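These notes concern the structure reproduced below.
Keep in mind that what you see is a predicted model, and the values were worked out from it rather than measured. Scope of the values below: all heavy atoms of this structure, side chains included, with no hydrogens, waters or symmetry mates.
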Amino acid sequence: MIERLDRKGQVKAHVVLCSTDTTMPAQEIRALYSARFQLEFVFRDAKQFGG
C-alpha cells in the first residue's frame, strides 16, 4: 500500500498494489505498475494516430 501525505504528514490518499507472486519485493511491484500505465498510454496513442 502506498500512502500519499500532505505537508502536515496526514494521509491524503492511498493506493493498493497487488501481485500473486508473494516473493516479489514491493519496490519491484511499484516499478511494474508504473511501467504498465506508461505502456497503456503508448498503445492508446498508437491506436488513435494509426487509425
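Atoms CE and CG, on Met24 and Leu32 in that order, are 5.5 Å from each other to the nearest 0.5 Å. In this structure, CZ on Phe43 lies 13.0 Å from CD on Gln38, to the nearest 0.5 angstrom.
Using modelled atom types, no side-chain atom of Tyr33 and backbone atom of Glu28 make a donor-acceptor pair closer than 3.5 Å.
The local environment of CZ in Arg4 is sparse, with at most 12 non-hydrogen atoms from other residues, nucleotides or ligands closer than 6.0 Å. The environment of Phe41 atom CZ is sparse: at most 12 non-hydrogen atoms of other residues, nucleotides or ligands sit within 6.0 angstrom.
In this structure, Val15 and Glu3 have side chains that are not in contact, with every pair of non-hydrogen atoms separated by 4.5 Å or more. Side-chain contact check for His14 versus Ile2: every heavy-atom pair is 4.5 Å or farther apart.
One side chain, Asp21 or Thr23, offers a donor N or O that lies under 3.5 Å from an acceptor on the other.
We find that Arg36 and Glu40 are joined by a salt bridge, their nearest charged nitrogen and carboxylate oxygen being less than 4.0 Å apart.
Of all heavy-atom pairs spanning Ile29 and Ser19, the tightest one is CD1-CB, 3.7 Å.
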